[in-house]
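Note sheet for the following structure.
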Amino acid sequence: MKRTEVKEILLNTPVGSEVNVKGWVRTRRGSKNVGFITLNDGSTINNLQIVVEADNPDFDKLENIYSGTAISVDGEVVESIGSKQRVELKAKRVDILGNVDPDKYPLQPKKHSLEFLREIAHLRFRTNTFNAVFRIRHGLAYAIHKFFNDRGFYYIHTPIITGSDAEGAGAMFQVTTLDLNNVPKTDDGKVDYSKDFFAKKTNLTVSGQLEAELAALALGKVYTFGPTFRAENSNTTRHLAEFWMIEPEMAFYDINDDMDLAEEMLKYLVKYVLNNFPDELEFLRKRLADEEKNKKKEERSQDLIEKLNSVIDVEFARITYSEAFDILRNSKPNKKGKFEFPVKEWGIDLQSEHEKYLVEKHFKRSVIITDYPKAIKAFYMKQNDDDKTVKAMDVLFPGIGEIIGGSQREEDYDKLYARVKDLGMDESELWWYLETRKYGSVPHSGFGLGFERLVQFVTGMGNIRDVIPFPRTPKNAEF
RNA sequence: UCCCCAGUAGCUCAGUUGGUUAGAGCGACUGACUGUUAAUCAGUAGGCCCCUGGUUCGAGUCCAGGCUGGGGAGCCA
């Protein structure tokens, strides 16, 4: 018999149909006269209840069926006597496909800590929580491609291995095939990279932005969506050594067009998940509420689904760095000395506590901050006429902080070149980037969206290590 | 990288001013039970108390160093 997925049975299969299902047992329970199996096959977060009656010739197989066992069942779809499900499967034939040693199988039909599940990342897919998280992660990835495709953007594959470390977004992982126990040296004692695979020093990319700009200056609107790597020793709930980033880059867009696109995209993506993953969101909403039961009221975060709806309903606040600076300088916590980093001098970088105050206390919604001091931003950002600020924009989300960082890019060759020189950067590594400003240069803009931070926000998961299947963090590359 | 907290059964945790044989709940196992919903009831098994060293008559408990995990900060997406 052809296999039917659980999702199909729960939604569409008429009562009385004969079907075959295959999947993994969540729980099994029963008595002398009847056995119950809760089965999940990954097609939906919901389970199918299978009933095996005592007169079934396969009834004694039940004693070898435990949590985690893979089984195949032929049976009839019937209306459920129990109240928790519309239909169930009355088994005619039960086959065990893959056994489980119940003494050793670490997943139990009970709540596990996320920390424990992280240590068994090869099995945590089998829990409802990760089932929901990774289904939504997929949905977001798909929606991102759909969003851009529908608006005439082209998906550009930028290199993972890069020969330039000019972007300056963070420490890099080196890529080499040299024998580390016997590194070839030049006469003056330095590493002889001419003997390395690429005959030069290479690293894993920290950003595809510079290459995306090259493509945007011909294809108009492009985006990247790929893995990026940062060798920073960051140990937080918001950082990974390997993460996925979305970087659109648009010719003829100024900073305002850039902000409009960022806001439209974020709202589109949140709406997409609300429309397409209601069961998963409901599960995660309950999970979060349950987890926060023990917290004090004022420390609890907003209801997950309410939070998502508030993002799509409300316009993001848009302010300049200078306005944000004034708000913070005159704020109560600043005057009372409650900030760990007091706000005194214009030009300071905004700290987590400042961003949190603006988003969660002052505006009570998402905020976009523009026109940052040029000293604290990257070399490629478009310089304003005041000679002090650049056309940068950061989108700040409640609970997450910076979810998007972007800017209008400096298209003027002389200004860009001067900035490269000022910062002591190696222009020979950037010749190709600079050259685009010589040939038909136009205003253009773009931004970077951290994919895992988006998934974190939408699923309500507190730790970024729980929204990527196999997290890479300092001292941890298991699996 | 810095600050704080934690590491005891498969999981979540308790373990008194250092004192003899190490505790619970859940899970697993065995049995009972006429339809259960993380079933219920009874019983059984299960410990390198993170590692190394030190103090002490005696260390799960105190001290030092390390390892691992978590939270916060910085860096950022």
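Labels below follow one simple rule: chain letters A, B, ... track the order of the sequence lines, proteins then strands, and each chain is numbered from 1.
Tyr155(A) is linked by a side chain to side chain contact (heavy atoms under 4.5 Å, CB included) to His145(A), His157(A), Tyr223(A), Phe225(A), counting only residues two or more places apart in sequence or in another chain. Every residue was checked against the salt bridge (Lys or Arg N to Asp or Glu O under 4.0 Å) condition with Asp55(A), not counting sequence neighbours, and none meets it. Every residue meeting the side-chain hydrogen bond (donor to acceptor under 3.5 Å, both in side chains) condition with Thr389(A), not counting sequence neighbours, appears here in chain and number order: Asn384(A), Asp386(A). Not counting sequence neighbours, the partners of Glu263(A) by the salt bridge (Lys or Arg N to Asp or Glu O under 4.0 Å) test are Lys267(A), Arg318(A). With sequence neighbours left out, the side chain to side chain contact (heavy atoms under 4.5 Å, CB included) criterion links Val100(A) to Thr69(A), Tyr105(A). Applying the salt bridge (Lys or Arg N to Asp or Glu O under 4.0 Å) test to Glu18(A) and every residue at least two apart in sequence or in another chain returns Lys92(A). Listed by chain and residue number, Ile161(A), Val175(A), Phe198(A), Lys200(A) satisfy the side chain to side chain contact (heavy atoms under 4.5 Å, CB included) test with Thr202(A) (two or more places apart in sequence, or in another chain).
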Table please: side-chain donor-acceptor pairs of residues 469-479 of chain A below 3.5 Å, with sequence neighbours left out.
| unit_1 | atom_1 | unit_2 | atom_2 | d |
| --- | --- | --- | --- | --- |
| Arg472(A) | NH1 | Glu478(A) | O | 3.0 |
| Arg472(A) | NH2 | Phe479(A) | O | 2.6 |
| Asn476(A) | OD1 | Glu478(A) | N | 3.2 |

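Here Ser67(A) lies out of heavy-atom contact (under 4.0 Å) with every strand.
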Review item, nucleotides 67-74 of chain B N/O atoms under 3.5 Å of protein N/O:
| unit_1 | atom_1 | unit_2 | atom_2 | d |
| --- | --- | --- | --- | --- |
| rG70(B) | OP1 | Arg118(A) | NH1 | 2.5 |
| rG70(B) | OP1 | Arg465(A) | NH1 | 3.1 |
| rG70(B) | OP2 | Arg465(A) | NH1 | 3.3 |
| rG71(B) | OP1 | Asn463(A) | ND2 | 3.1 |
| rG71(B) | OP2 | Asn463(A) | ND2 | 3.4 |
| rG74(B) | OP1 | Gln351(A) | OE1 | 2.6 |
| rG74(B) | OP1 | Ser352(A) | N | 3.4 |
| rG74(B) | OP2 | Ser352(A) | OG | 2.9 |
| rG74(B) | N2 | Asn233(A) | O | 3.3 |

Close N or O pairs between protein and nucleotides 3-9 of chain B (under 3.5 Å):
none

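No side-chain heavy atom of Arg26(A) sits under 4.5 Å from any side-chain heavy atom of Pro109(A).
Arg151(A) and Glu264(A) are joined by a salt bridge, as a carboxylate oxygen and a charged side-chain nitrogen come within less than 4.0 angstrom of each other.
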Walk along nucleotides 41-50 of chain B from 5' to 3' and tag each nucleotide B, S or - by protein heavy-atom contact under 4.0 Å, base first, then sugar-phosphate. ----------

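Against RNA chain B, the stretch residues 94-111 of chain A makes heavy-atom approaches under 4.0 Å through Pro102(A), Asp103(A), Gln108(A), Pro109(A), Lys110(A), Lys111(A).
Atom CG in Asn40(A) sits about 15 Å away from atom C1' in rA38(B), given to the nearest Å.
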